[in-house]
Visitor: 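So that we are looking at the same thing, I have put the structure below in structure tokens.
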Amino acid sequence: MADRINVTRSSMPPFEEYVEEIKPIWESRWLTNAGEKHQKLQAELCDLLQVPHMELFSNGHQALEAAFSIFPAGSEVITTPFTFASTTLAITRAGLIPVFCDIEPDFYTLDPEKIEPLITEKTVAIAPVHVYGNLCQWRKIEEIAKKHNLKVVYDAAHAFGVRDGDVSAACLGDISMFSFHATKVFHTIEGGALAYHDDGLAKYFAAFRQFGMFDGVQSEILGTNAKLTEFAAAMGLCNLRHLDEQIDLRRRVFERYHERLDGKHGMVLCGKQAGVVPNYAYFPVRIVPEAFGLTRDQVCDRLAEQNIFARKYFFPLTSQFPAIKGYCDTQDTPVAEKVTQEILCLPMYADLSMADVDRICDVLLHKE
Ligand SMILES: *Cc1c(COP(=O)(O)O)cnc(C)c1O
């Protein structure tokens with residue numbers, strides 16, 4: 001049996017580089033609580049992503065919970081069901097009601113044309129997701145938000161380093177959440193951040209992360225413990241130095257897949273977004289069963305038989321999760337329902353070899 005290929009594989013800096021980075025931690029004994037590495041990473045990220053403020057967290061999900069905690073409980077948030085569990089759970093755990101809006105069929109992000117009918121007097125925010133690093137139609141979304149006096153909180157977990165021309169994804173909307181999980185384009189093993197514009201929120205987010213304490217003595221808000229450790233921040237500092245190489249290696253994988261799979265009957269690839277600088281985070285394909293002759297599930301099983309593990313991502317829709325059903329009205333999202341049945345993310349990581357990409361494509365294209 002040929003070697004196992006997983007859907008993803010974490011990027012690692014050279015071992016010695018990490019050891020060098022963590023040495024000072026042995027001397028200082030400052031292991032967590034916004035130490036030197038944390039502060040350095042925060043500053044470097046603000047600089048790289050060109051955003052005025054960033055607050056670091058133990059993971060992206062905690063960052064998202066912090067973001068949604070600024071709204072009064074019982075308010076409604078218009079969001080997409082075609083996302084990872086985290087987006088919907090963060091809204092619901094903050095005591096808010098997710099109102100599911102459909103996606104558009106090209107890049108799988110929130111469909112701006114379908115937002116306005118869902119706005120009620122209880123709506124406080126729109127929470128779109130830059131799915132696979134595809135940017136949402138942010139101009140239209142933010143125009144609607146402005147007109148109705150709503151905040152925009154992006155789940156930008158997939159969009160690290162993505163730009164629309166000169167505009168960094170981190171600068172869009174009011175708040176953007178980034179995940180630095182081990183499987184993301186840039187990681188700190190576990191970690192995450194909020195990028196935002198309002199400097200009035202800096203103290204609030206720092207307190208939320210630290211048991212809701214502004215003064216270190218008593219909890220003034222119902223915060224949590226969501227601090228990024230110095231070891232995680234050190235991993236981030238190392239990985240940042242190699243980010244450009246890593247994205248370039250991903251680009252090679254992306255281009256090879258495109259060469260082999262573009263235009264194949266029954267297979268729909270994501271197009272390029274005009275003017276957008278991508279990060280090649282994922283390689284989603286849609287298997288249209290009527291045209292391809294096999295369903296997505298059959299294709300996924302065939303790959304698995306050959307020791308290749310693609311991922312049904314995102315499937316199912318978060319609006320179908322048992323944990324969520326009791327918290328929302330069911331909304332009609334026909335495009336999302338179709339896409340979730342057809343989507344498959346192929347293995348994508350920086351050191352995936354061209355030979356392995358070819359092996360994956362050979363299995364995909366051989367249907368007998
Ligand atoms: C990874 C991810 C998250 C959660 O981030 P963690 O750092 O794993 O908590 C949220 N939303 C999306 C879309 C993600 O892919």
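Counting starts at 1 for both ligands and their atoms, in listed order.
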Visitor: Would you say Ala90 contacts ligand 1, with heavy atoms under 4.0 Å as the rule?
Guide: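 Checking ligand 1 against Ala90, which is what was asked, there is no heavy-atom contact under 4.0 Å.
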
Visitor: Classify the contact between His158 and ligand 1 as side chain, backbone, both or neither, using a heavy-atom distance cut-off of under 4.0 Å.
Guide: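 Side chain only.
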
Visitor: Evaluate salt bridge (Lys or Arg N to Asp or Glu O under 4.0 Å) for Asp164 paired with Arg139, printing each intermediate quantity in order.
Guide: CA-CA 11 Å; Asp164 190 348; Arg139 285 188 184 84; 3.8 Å; yes

Visitor: Under 4.0 Å from a heavy atom of His61: give me the atoms of ligand 1 that qualify, with their elements.
Guide: 5 (O), 6 (P), 9 (O)

Visitor: Can you pull out the closest protein heavy atom to atom 11 (N) of ligand 1? Residue, atom name and distance to 0.1 Å, please.
Guide: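 Protein heavy atom with the smallest distance to atom 11 (N) of ligand 1: Asp155 OD2, 2.7 Å.
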
Visitor: Just verifying a value: how many Å separate Leu150 CG and Ile144 CD1, rounded to the nearest 0.5 Å?
Guide: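 It comes to 9.5 Å.
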
Visitor: Quick one about His258 and Glu255 (side-chain donor to acceptor, distance below 3.5 Å, no hydrogens or angles considered), yes or no?
Guide: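 Per modelled atom types, Glu255 and His258 side chains form no pair under 3.5 Å.
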
Visitor: Tell me whether ligand 1 is touched by Met177 - counting only heavy atoms on the residue side and a distance under 4.0 Å.
Guide: yes

Visitor: Does ligand 1 have an atom that lies less than 4.0 angstrom from a heavy atom of Phe82?
Guide: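 Phe82 does not count as a contact of ligand 1 under the 4.0 Å cut-off.
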
Visitor: Give yes or no for whether the N/O distance cutoff of 3.5 Å, strictly under, is met between Ser179 and ligand 1.
Guide: yes

Visitor: Given side chains that start at C-beta, do those of Ile221 and Tyr204 come closer than 4.5 Å, heavy atoms only?
Guide: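 Heavy-atom side-chain distance check passes, below 4.5 Å.
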
Visitor: Under 3.5 Å, N or O to N or O, is Tyr313 touching ligand 1 that way?
Guide: yes

Visitor: Considering the heavy atoms of Gly191, write down every atom of ligand 1 situated less than 4.0 Å from one of them.
Guide: 7 (O)

Visitor: According to the ring pair (Phe, Tyr, Trp, His ring centres under 6.0 Å) rule, which pairs have a member within residues 331-364, sequence neighbours left out?
Guide: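 Passing the test, one end in residues 331-364: no pairs.
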
Visitor: Flag the pair Glu230 and Lys37 as a salt bridge only when some basic side-chain nitrogen lies within less than 4.0 angstrom of an acidic carboxylate oxygen.
Guide: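 Between Lys37 and Glu230 there is no salt bridge, as every charged N stays at least 4.0 Å from the carboxylate O atoms.
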
Visitor: Heavy atoms only, cut-off 4.0 Å: how does Tyr132 contact ligand 1, side chain, backbone, both, or neither?
Guide: neither

Visitor: Is Lys184 in contact with ligand 1, taking contact as a heavy-atom separation below 4.0 Å?
Guide: yes

Visitor: Charged N to carboxylate O below 4.0 Å: is that the case for Lys40 and Glu44?
Guide: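 Yes, Lys40 and Glu44 are salt-bridged.
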
Visitor: Please work out whether the ring planes of Tyr154 and His130 are parallel, tilted or perpendicular, with thresholds of 30° and 60°.
Guide: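 Answer is parallel, since the angle falls under 30°.
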
